[in-house]
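The structure appears right after this line, and notes come after that.
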Amino acid sequence: MPELPEVETTRRGIQPYVEHKHIHSVTIRERRLRWPVSDTLTSLSMARVNKLERRAKYLILYLPDGFIIIHLGMSGSLRVVDSSAPIGKHDHIDLLMDDGKIVRYNDPRRFGSVLWVDDWENHPLFTKLGPEPLDEAFDADYLYQQAKEKKAPIKQFIMDNKNVVGVGNIYASEALFLSGIHPKRPAGSISKKRITQLVAHIKKTLTAAITQGGTTLRDFVGGDGKPGYFQQQLNVYGRGGEPCTACQTRLKEIKLGQRASVYCPKCQH
DNA sequence: AAAGATGCCTGGTAGC
DNA sequence: TGCTACCAGGCATCTT
């Protein structure tokens with residue numbers, strides 16, 4: 001499932017094909033995504049993409065009269081293909097570029113979205129978002145202040161978009177393991193020192209994953225069609241019952257907010 | 001009011 | 001082979 005590193009990898013993969021290029025036309029084959037795809041997209045013609053940006057797990061295409069907002073959901077992908085490429089199952093939307101290349105949106109589960117908005121920064125999806133995990137604004141002081149008095153388990157707390165964006169199950173699990181913090185520990189009960197380590201590990205795991213081109217666990221394929229390989233060095237995610245990479249203790253798997261959470265009962269407190 | 005908990009969307013896959 | 005149960009992320013909505 002695309003997490004922040006996959007989205008960033010996708011952004012970098014398709015950037016050369018869309019930024020400062022023109023969208024010749026848009027083809028919609030399936031409009032039933034998380035939200036119905038707007039007809040406005042099909043009326044686009046020779047619209048210049050001035051910029052391709054990422055905010056949280058959203059990709060934002062800056063056009064002259066508005067923005068295309070793309071979210072990959074859990075099974076979505078964007079790929080650049082030639083016009084001769086056969087249309088596959090779940091290929092829902094094509095952005096046909098004026099040089100003949102196609103930016104193709106595929107999403108088997110249709111949990112993703114492709115939106116047309118006038119002003120993304122004031123769109124309800126974006127107004128309540130916390131800082132980017134890799135921005136300087138996301139630091140130990142900030143997270144410690146946010147966590148104060150909060151009783152929610154730290155794992156759910158760092159996966160909550162209003163505290164920090166883009167930290168999904170994989171990276172939350174890994175960062176907590178590396179920080180030696182138990183996923184159920186109340187966010188407000190963690191010392192400043194350990195919060196500092198947690199922030200550092202969130203940044204470190206995300207950066208490493210981006211560097212390596214993202215994690216491929218299920219449906220993800222990068223913009224260039226090449227999968228990432230980060231999953232080979234996961235310490236806890238998806239490893240319930242297997243030995244801890246540090247102490248060989250059998251990793252425990254619990255449910256936290258309906259979400260699988262794996263941790264080492266010896267290393268994490 | 002804010003925080004926490006729950007439900008829902010969908011299709012691939014594991015298990016039988 | 002066909003079926004059922006389960007899982008995933010994040011938004012909407014409910015409850016406290």
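Within every chain, numbering begins at 1; the chains are lettered A, B, ... in the order of the sequence lines, protein sequences first and strands thereafter. Treat the numbers as computed from the prediction; the structure is a model and nothing was measured.
Under the side-chain hydrogen bond (donor to acceptor under 3.5 Å, both in side chains) criterion, A:Arg250 pairs with no residue, sequence neighbours left out. By the salt bridge (Lys or Arg N to Asp or Glu O under 4.0 Å) test, A:Asp39 is found to be paired with A:Arg31, residues two or more places apart in sequence or in another chain being considered. For the salt bridge (Lys or Arg N to Asp or Glu O under 4.0 Å) test, no residue two or more places apart in sequence or in another chain qualifies with A:Asp135. Considering only residues two or more places apart in sequence or on other chains, A:Glu53 meets the side-chain hydrogen bond (donor to acceptor under 3.5 Å, both in side chains) condition with A:Lys51, A:Tyr62. Partners of A:Asp141 under the side-chain hydrogen bond (donor to acceptor under 3.5 Å, both in side chains) rule, at least two apart in sequence or in another chain, are A:Lys192. Not counting sequence neighbours, the partners of A:Asp82 by the side-chain hydrogen bond (donor to acceptor under 3.5 Å, both in side chains) test are A:Lys101. A:Asn161 is linked by a side-chain contact (heavy atoms from CB on, under 4.5 Å) to A:Leu129, A:Val165, counting only residues two or more places apart in sequence or in another chain.
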Would you list the protein and nucleotides 14-16 of chain B atom pairs, both N or O, that sit under 3.5 Å from each other?
none

Between the protein and nucleotides 11-14 of chain C, which nitrogen or oxygen pairs are less than 3.5 angstrom apart?
unit_1 : atom_1 : unit_2   : atom_2 : d
C:dC11 : OP1    : A:Tyr58  : OH     : 2.5
C:dC11 : OP2    : A:Asn161 : ND2    : 3.4

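For A:Arg110, a side-chain nitrogen or oxygen approaches OP1 or OP2 of B:dG11 to under 4.0 Å. At B:dT10, none of the side-chain N or O atoms of A:His90 fall inside 4.0 Å of OP1 or OP2 (strictly under the cut-off).
Computed from coordinates, the A:Asn106 CG to B:dG11 P distance equals 12 Å when rounded to whole Å. Rounded to whole Å, the distance from CD on A:Glu30 to C1' on B:dG11 is 13 Å. Atom CG of A:Leu256 is separated from atom C1' of B:dT6 by 14 Å (rounded to the nearest Å). If you measure from atom CD of A:Glu6 to atom P of C:dG10, you get 11 Å, rounded to the nearest angstrom. Distance, A:Leu4 CG to C:dG9 P: 14 Å, rounded to whole Å. Rounded to whole Å, atom C1' of C:dG10 lies 16 Å from atom CD1 of A:Ile158. Counting to the nearest Å, the P atom of C:dG9 and the CG atom of A:Asp160 are 15 Å from each other. A straight line from CZ of A:Arg109 to P of B:dT10 spans 13 Å, rounded to a whole angstrom.
The environment of A:His22 atom NE2 is dense: over 12 non-hydrogen atoms of other residues, nucleotides or ligands sit within 6.0 angstrom.
Of the residues in residues 143-156 of chain A, those placing a heavy atom less than 4.0 Å from an atom of DNA chain B are A:Lys150, A:Lys151, A:Ala152, in numerical order.
Counting heavy atoms from C-beta outward, A:Tyr171 and A:Ile202 have side chains that stay 4.5 Å or more apart.
For the side chain to side chain contact (heavy atoms under 4.5 Å, CB included) with A:Pro133, the lone residue among A:Thr207, A:Val164, A:Val199 that qualifies is A:Val164.
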What side-chain donor-acceptor pairs closer than 3.5 Å can you find for residues 86-98 of chain A, not counting sequence neighbours?
unit_1  : atom_1 : unit_2   : atom_2 : d
A:Asp91 : OD1    : A:Asn106 : ND2    : 2.7
A:Asp91 : OD2    : A:Gly88  : N      : 2.6
A:His92 : NE2    : A:His90  : O      : 3.4
A:His92 : NE2    : A:Asp107 : O      : 2.8
A:Asp94 : OD1    : A:Arg104 : NE     : 2.8
A:Asp94 : OD2    : A:Arg29  : NH2    : 2.4
A:Asp94 : OD2    : A:Arg104 : NH2    : 3.0

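Taking a cutoff of 4.0 Å between a charged side-chain nitrogen and a carboxylate oxygen, A:Arg55 and A:Glu121 do not qualify as a salt bridge.
Residues A:Phe138 and A:Leu4 are members of one and the same hydrophobic cluster, defined by side-chain heavy-atom contacts under 4.5 angstrom among Ile, Leu, Val, Met, Phe, Trp and Tyr.
Residue-nucleotide stacking is not present for A:Phe111 and B:dT10, judged by a side-chain ring centre under 5.5 Å from the six-membered base ring centre and planes under 30° apart.
Distance alone, capped at 3.5 Å, is enough to place a donor-acceptor pair between the A:His71 side chain and the A:Gly73 backbone.
When the local axes at the two ends of the helix from B:dA2-C:dT16 to B:dC16-C:dG2 are compared, using 5 base pairs at each end, they differ in direction by 40° after rounding to 10°.
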